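Bear in mind the structure is a predicted one, so any value in this text is a computation, not a measurement. Position 1 is the first residue of the sequence, and the numbers go up from there.
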Amino acid sequence: MREILEMFLTNFKMPKTIYNTGLDIYAVYKNPSDFPGKIVVRKFLNDKPSMEPFCVEDTLDEAREKLPKGLFRMDRMPNDDIVIVETWF
C-alpha cells in the first residue's frame with residue numbers, strides 16, 4: 001500500500017504533507033481468503049488498514065456504490081497481490 005501511496009503523491013503532484021495528515025485509501029479485493037467469493041473493500045489511512053472491512057459485497061458494482069463520492073480510481077499495480085482489483089483515493 002505504501003508503494004501505491006507514493007506513486008499517487010508523485011503522479012498527481014500531491015503534497016507530501018498529505019502523508020502526515022492522512023489520506024484515505026480504499027483497496028478493492030476480489031475473492032480474498034477471508035471472504036471467498038466476495039468483493040471486499042478495505043479502508044486504509046495512509047498505509048495502515050482498518051480492523052474491519054469497509055464493505056463486503058457480491059459484485060464489484062455494489063462495492064463501488066458504497067465508496068465515498070469524488071474518489072480517483074487506480075488499477076491494480078503489477079506488484080500488488082493478485083486479489084486486489086483496484087484502489088481508490
Side-chain angles (χ1 to χ4, degrees):
M1 206 43 73
R2 182 175 295 266
E3 176 184 310
I4 292 173
L5 176 62
E6 289 297 325
M7 188 171 109
F8 182 80
L9 294 175
T10 301
N11 290 340
F12 293 99
K13 309 293 189 246
M14 301 296 289
K16 294 284 184 183
T17 55
I18 270 189
Y19 191 81
N20 295 328
T21 59
L23 175 65
D24 288 339
I25 302 170
Y26 298 85
V28 181
Y29 298 80
K30 182 178 181 180
N31 198 33
S33 61
D34 54 344
F35 292 94
K38 298 291 185 178
I39 301 292
V40 176
V41 178
R42 291 189 168 91
K43 182 179 177 181
F44 293 75
L45 178 60
N46 297 329
D47 60 345
K48 294 172 180 52
S50 59
M51 296 302 291
E52 297 294 321
F54 179 76
C55 69
V56 178
E57 304 296 334
D58 291 322
T59 69
L60 182 56
D61 287 337
E62 290 171 344
R64 286 175 174 163
E65 287 175 13
K66 302 284 175 141
L67 293 169
K69 302 300 179 219
L71 298 177
F72 296 94
R73 183 177 65 83
M74 180 179 283
D75 289 331
R76 183 182 159 300
M77 302 290 296
N79 303 18
D80 286 342
D81 191 311
I82 194 73
V83 298
I84 295 176
V85 176
E86 59 195 19
T87 306
W88 293 79
F89 299 88

- For S50, what residues pass the side-chain contact (heavy atoms from CB on, under 4.5 Å) criterion, not counting sequence neighbours? K43

- Apply salt bridge (charged side-chain N to carboxylate O under 4.0 Å, His left out) to D75 and list each qualifying residue two or more places apart in sequence or on a separate chain. R73

- Message: If I take atom CZ from residue R64 and atom OG1 from residue T59, how far apart are they, to the nearest 0.5 angstrom?
- Response: 9.5 Å

- Task: Only counting residues at least two apart or in another chain, list the ones meeting salt bridge (charged side-chain N to carboxylate O under 4.0 Å, His left out) with R76.
- Result: none

- Query: Who pairs with P53 by side-chain contact (heavy atoms from CB on, under 4.5 Å), at least two apart in sequence or on another chain?
  - Reply: F35, V40, V56

- Message: Do L45 and L23 make a side-chain contact, defined as non-hydrogen atoms from C-beta onward lying under 4.5 Å apart?
- Response: no

- Query: Could you state the interatomic distance from OG1 (T87) to OH (Y29), rounded to the nearest 0.5 Å?
  - Reply: 7.5 Å

- Message: I'd like to know if the side chain of N31 reaches the main chain of G37, judged simply by a donor and an acceptor atom lying under 3.5 Å from each other, with no hydrogens or angles considered.
- Response: yes

- Distance, nearest 0.5 Å, that separates CG of L60 from CD of E65: 10.5 Å

- Message: Ignoring hydrogens, what is the shortest heavy-atom contact between A63 and I39? Give both atom names and the distance.
- Response: CB-CG2, 3.6 Å

- Residues in side-chain contact (heavy atoms from CB on, under 4.5 Å) with P68, at least two apart? Y26, F54, L71

- Residues forming a salt bridge (charged side-chain N to carboxylate O under 4.0 Å, His left out) with K30, sequence neighbours excluded: none

